[in-house]
Amino acid sequence: MVQQHDPHGHPGTAAEPTATRRTADDTESSRASRGWWDRNADEYQEEHGGFLGDDRFVWGPEGLDEAEAGLLGPAGSLKGLDVLEVGAGAAQCARWLAARGARPVALDLSYQQLRHARRIDARARGEASPASPAEAAPSDVPPAAVAPVALVQADATALPFRDGSFDLACSAYGAVPFVAEPVRVMREVYRVLRPGGRWVFSVTHPIRWAFPDEPGPEGLSVASSYFDRTPYVEQDEQGRAVYVEHHRTLGDRVRDVVAAGFRLIDLIEPEWPDWNHQEWGGWSPLRGGLIPGTAVFVCERDRAAR
């Protein structure tokens, strides 16, 4: 599921956090991400749930749909495959995969995001929702016909699975931008994939780091160095990070992929489509028509065991 930060405040905090650029290690980044998504999951799903759907697989705010893109392979080839979704949020992508006969596991660091995943599953089965019982509605689909998605709460840098557990792995803006050392995620995904397995992930296009995160004309002028890899941090009055995002150049991303043992077979930079009129944080039709907003990396594990 697309998980992207909207800098609109933090419910439950005493004061607005302060934005800065400073170092943040793996531990601080993980703690901040877990807390931010737990606090903001309700607002996020309410604001973006309509675009994401309950069982749609979109790679980014542009609306690139896996049903059309086929980056994981032809839809007909997914049946019977074990698939890991990293940074799954409410498991929309995993649900799309399940509908095509795959056996997905949706993994996320945030407990509250996974509660939304369970809420959607419960609603589909006509059961009381664990996240918000009042939202559960009757379903025309027999409960036995709608199996809940397997959910796992864990850190993407330490996947709780045996070696060679999955045929495919995917992530739509999940985990990778929020960890201090993304190569650790790449190596963990490599480990749990079977030989020949495909790993497809999307992130904010690295060029966006140089521009203000604004959807209007003010977001079209370079404001900082593309090569400055100092993390973006929002911190509270005590200096504790409440949100952290890490930048990598395009070359850095490629090197992380290769260092983990993957072969990069494609790099997609989705163009903004004419039908999409929404603004999503710093993403907009104006900016999307001029500069890329998302990068999708299509990688494969070698077919021979290392």
Side-chain angles (χ1 to χ4, degrees), residues 1-3 26-27 29-30 33-34 37 57 59 66 70-73 77-98 100-111 113-114 117 147-203 246 248 252-267 296-306:
M1 187 208 71
V2 179
Q3 299 194 55
D26 277 324
T27 300
S29 299
S30 178
S33 290
R34 184 194 299 263
W37 287 108
F57 196 137
W59 287 106
E66 175 60 17
L71 302 183
L72 294 173
S77 69
L78 300 175
K79 186 175 182 179
L81 298 185
D82 296 307
V83 186
L84 174 64
E85 184 185 3
V86 178
Q92 285 95 336
C93 299
R95 219 168 275 108
W96 182 91
L97 290 161
R100 279 139 192 86
R103 295 187 295 267
V105 174
L107 178 143
D108 202 275
L109 183 65
S110 167
Y111 173 71
Q113 284 281 52
L114 294 176
V149 173
L151 305 177
V152 174
Q153 184 183 11
D155 194 305
T157 62
L159 298 175
F161 307 107
R162 294 178 179 175
D163 297 0
S165 295
F166 297 96
D167 301 296
L168 297 171
C170 57
S171 181
Y173 275 80
V176 177
F178 308 110
V179 298
E181 297 181 65
V183 69
R184 294 180 60 193
V185 177
M186 306 295 159
R187 287 171 175 156
E188 277 292 271
V189 172
Y190 186 97
R191 179 183 65 78
V192 302
L193 277 176
R194 295 168 184 142
R198 182 168 287 197
W199 161 229
V200 185
F201 67 94
S202 61
V203 294
H246 295 268
R248 295 292 184 274
D252 292 339
R253 293 287 184 210
V254 172
R255 282 185 285 276
D256 284 344
V257 164
V258 174
F262 285 106
R263 179 167 59 96
L264 181 65
I265 61 174
D266 205 352
L267 173 58
V296 189
F297 295 79
V298 184
C299 319
E300 281 189 355
R301 189 190 194 282
D302 53 303
R303 295 187 177 275
R306 292 178 74 181

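Every heavy atom of this structure was used, including side-chain atoms; hydrogens, water molecules and symmetry mates were not. Owing to the predicted nature of the structure, the values given are computational and were not obtained by experimental measurement. Nothing fancy with the numbering, it's 1 onward along the sequence.
- Under the 4.5 Å side-chain criterion, counting only non-hydrogen atoms from C-beta, W199 is in contact with S171.
- Ring geometry for F201 against F297 counts as parallel: the plane angle stays under 30°, on a 0 to 90° scale with 60° as the upper cut.
- The shortest distance between side-chain heavy atoms of E181 and T157 does not fall below 4.5 Å.
- Side-chain contact check for L81 versus L72: every heavy-atom pair is 4.5 Å or farther apart.
- F161 CZ to D82 CG: the interatomic distance, rounded to the nearest 0.5 Å, is 10.5 Å.
- At distances below 3.5 Å, not a single donor-acceptor pair connects side-chain atoms of R301 with backbone N or O atoms of V192.
- Side chains of H246 and P182 form no contact here, defined as non-hydrogen atoms less than 4.5 Å apart.
- The backbone N or O of F57 lies less than 3.5 Å from no partner atom in the side chain of E66, so there is not a single donor-acceptor pair.
- Using a 4.5 Å heavy-atom threshold, the side chains of V176 and M186 count as touching.
- Smallest separation of non-hydrogen atoms from A94 and P104: O-CG, 3.2 Å.
- The backbone N or O of D108 lies less than 3.5 Å from no partner atom in the side chain of Q153, so there is not a single donor-acceptor pair.
- Side-chain N or O atoms of R103 include one that pairs as donor or acceptor with a backbone N or O of G80 at under 3.5 Å.
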Derivation and outcome, side-chain contact (heavy atoms from CB on, under 4.5 Å), residues V105 and S165: CA-CA 11 Å; V105 174; S165 295; over 6 Å; no
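- Paired with D163 under the rule salt bridge (charged side-chain N to carboxylate O under 4.0 Å, His left out), one option of R187, R194, R191 passes, and it is R191.
- Put simply, the residue from V200, L267, D266 that forms a side chain to side chain contact (heavy atoms under 4.5 Å, CB included) with V296 is V200.
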D26 and R184: CA distance, side-chain angles, deciding distance, side-chain contact (heavy atoms from CB on, under 4.5 Å) verdict: CA-CA 10 Å; D26 277 324; R184 294 180 60 193; 2.7 Å; yes
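- The two residues G261 and D302 come nearest to each other via the heavy atoms O-OD1, 4.0 Å.
- Between L107 and P160, the closest side-chain pair of non-hydrogen atoms falls below 4.5 Å.
- A distance of 8.5 Å separates CH2 in W37 from OG in S110, rounded to the nearest 0.5 Å.
- Between the OG atom of S30 and the CG atom of D155 there is a distance of 4.0 Å, given to the nearest 0.5 Å.
- No side-chain heavy atom of F178 sits less than 4.5 Å from a side-chain heavy atom of V185.
- A side-chain donor-acceptor contact under 3.5 Å links R198 to the backbone of L71.
- For the pair L159/L84, a side-chain contact is recorded, criterion being any heavy-atom separation below 4.5 Å from C-beta on.
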